[in-house]
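Everything below concerns the one structure shown next.
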Amino acid sequence: RINEASHEYTNACDADCNVCSYARTAPHDYTVVAHDAENHWMTCSLCGVKDETSVKAHVFDGEEDSVCDACGYTKYIPGDLDKDKSVTMNDAIYLLYHINFAALYPVDQPVDFDGDSSVTMNDAIYLLYHVNFPALYPLH
């Protein structure tokens with residue numbers, strides 16, 4: 001029997017010793033969820049390798065749903081139009097720019113915040129109210 005303590009491996013899941021090429025059984029522990037904008041998959045918690053067989057497309061309940069039902073990936077934060085990971089007065093200003101110059105200030109989420117089926121200055125005002133009074137002006 002070979003003593004594994006005398007071997008050197010690149011990581012916890014490396015099967016071959018870097019010194020003598022001794023082959024060991026080193027299974028991956030696929031317990032970590034990783035994702036990108038289109039898919040989610042499992043990665044090994046020991047070495048980070050991607051399990052190619054676990055790659056699946058995100059599952060959303062509709063175009064306005066921002067959270068994947070399978071892995072929790074969030075494709076956008078409702079109201080975060082400038083993509084700084086928070087909803088601030090700057091997002092209300094960005095929405096005003098979008099309303100007036102849509103080609104220069106694109107948005108990737110629904111912005112009819114007041115629910116009247118049109119995107120107007122009132123939606124920017126609603127977003128500003130949300131910034132100051134989120135419980136009274138929720139974003140859907």
Side-chain angles (χ1 to χ4, degrees):
R1 179 158 156 80
I2 297 175
N3 180 0
E4 282 196 36
S6 65
H7 298 283
E8 292 180 18
Y9 299 94
T10 304
N11 60 50
C13 300
D14 188 8
D16 298 319
C17 173
N18 294 336
V19 177
C20 70
S21 299
Y22 167 72
R24 69 176 178 169
T25 302
H28 293 288
D29 179 24
Y30 291 114
T31 56
V32 177
V33 177
H35 51 257
D36 59 20
E38 289 83 34
N39 302 301
H40 56 265
W41 58 86
M42 301 305 292
T43 61
C44 178
S45 65
L46 302 172
C47 70
V49 73
K50 179 180 185 177
D51 177 10
E52 295 292 340
T53 64
S54 71
V55 176
K56 306 260 188 294
H58 291 298
V59 180
F60 299 102
D61 291 332
E63 195 172 305
E64 293 189 16
D65 184 14
S66 66
V67 180
C68 174
D69 296 336
C71 73
Y73 168 76
T74 302
K75 63 181 173 181
Y76 62 82
I77 298 169
D80 180 22
L81 305 180
D82 62 4
K83 309 242 186 283
D84 67 354
K85 306 242 187 271
S86 63
V87 180
T88 66
M89 182 172 38
N90 290 338
D91 296 298
I93 293 168
Y94 188 98
L95 183 53
L96 286 173
Y97 289 153
H98 170 73
I99 291 165
N100 290 295
F101 311 105
L104 297 174
Y105 297 91
V107 295
D108 64 351
Q109 60 178 276
V111 291
D112 177 21
F113 297 117
D114 64 2
D116 69 354
S117 299
S118 64
V119 178
T120 65
M121 191 166 59
N122 291 338
D123 295 295
I125 293 168
Y126 187 98
L127 186 55
L128 188 57
Y129 285 157
H130 169 78
V131 169
N132 292 293
F133 311 105
L136 296 174
Y137 297 90
L139 300 180
H140 307 285

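No experiment lies behind these values; they were computed from the predicted model shown. Computed from heavy atoms alone, side chains included, the values below leave out hydrogens, waters and symmetry copies.
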*Verify, without hydrogens or angle tests, whether N100 (side chain) and L96 (backbone) share a donor-acceptor contact under 3.5 angstrom.*
yes
*State plainly whether one hydrophobic cluster holds both Y97 and V107, where clusters connect Ile, Leu, Val, Met, Phe, Trp and Tyr through side-chain heavy atoms under 4.5 angstrom apart.*
yes
*Given the rule in the salt bridge (charged side-chain N to carboxylate O under 4.0 Å, His left out) test, do D108 and K83 qualify, once you have shown the distances and angles that lead to the verdict?*
CA-CA 10 Å; D108 64 351; K83 309 242 186 283; 2.6 Å; yes
_Working for side-chain contact (heavy atoms from CB on, under 4.5 Å), residues V119 and L95_ = CA-CA 9 Å; V119 178; L95 183 53; 4.3 Å; yes
*Is V131 linked to I99 within one hydrophobic cluster, defined over Ile, Leu, Val, Met, Phe, Trp and Tyr using a side-chain heavy-atom separation of less than 4.5 Å?*
yes
*asked:* I need the minimum non-hydrogen distance between C13 and P27, along with the two atoms involved.
replied: SG-O, 3.9 Å
*Euclidean distance, D14 CG relative to R24 CZ, rounded to 0.5 Å*: 6.5 Å
*Taking the six-membered ring for Trp and the single ring otherwise, decide whether the centroids of H7 and Y22 are under 6.0 Å apart.*
yes
*To the nearest 0.5 Å, tell me how far C68 SG sits from H40 NE2.*
5.0 Å
*Do you know the tightest heavy-atom contact between D65 and K75?*
O-CE, 2.9 Å
*In one Ile/Leu/Val/Met/Phe/Trp/Tyr side-chain cluster, 4.5 Å: V87, V67*: no
*Closest heavy-atom contact between C71 and V33?*
CB-CG1, 3.7 Å
*Is the number of heavy atoms from other residues, nucleotides or ligands under 6.0 Å of Y76 OH greater than 12?*
yes
_Side-chain donor/acceptor of N132 to backbone N/O of L128, under 3.5 Å_ = yes
*asked:* Check whether D112 reaches the backbone of D116 with its side chain - one donor and one acceptor, N or O, closer than 3.5 Å.
replied: yes
*asked:* Looking at every non-hydrogen atom in both residues, tell me the closest pair between K56 and T53 and how far apart they are.
replied: NZ-O, 3.9 Å
*asked:* Starting from V19, can I reach Y9 by hopping between I/L/V/M/F/W/Y residues whose side chains sit under 4.5 Å apart?
replied: no
*Go through V49 and H28 one step at a time and tell me if the side-chain contact (heavy atoms from CB on, under 4.5 Å) criterion holds.*
CA-CA 8 Å; V49 73; H28 293 288; 3.1 Å; yes
*Nearest 0.5 Å, what's the CG-CD distance between L81 and Q109?*
5.0 Å
*OG1 on T88 to NE2 on H130, rounded to 0.5 Å*: 10.5 Å
*Spatial distance of atom CG (L139) from atom CZ (F113) [nearest 0.5 Å]*: 5.5 Å
*Look at the side chain of S54 and the backbone N and O of M42, then say whether any donor-acceptor pair between them is shorter than 3.5 Å.*
yes
_Check whether D123 reaches the backbone of T120 with its side chain - one donor and one acceptor, N or O, closer than 3.5 Å._
yes
*If you count the non-hydrogen atoms of other residues, nucleotides and ligands that lie under 6.0 Å from OH in Y129, is the total more than 12?*
no
_N11 side, atom CG; L46 side, atom CG - distance, nearest 0.5 Å_ = 8.5 Å
*For the pair Y73 and H58, evaluate ring-ring contact (aromatic ring centres under 6.0 Å, His included) and give the outcome as yes or no after the intermediate values.*
CA-CA 8 Å; Y73 168 76; H58 291 298; 4.4 Å; yes
*Quick one: sort the Y137 and Y126 rings into parallel, tilted or perpendicular, breaks at 30° and 60°.*
perpendicular
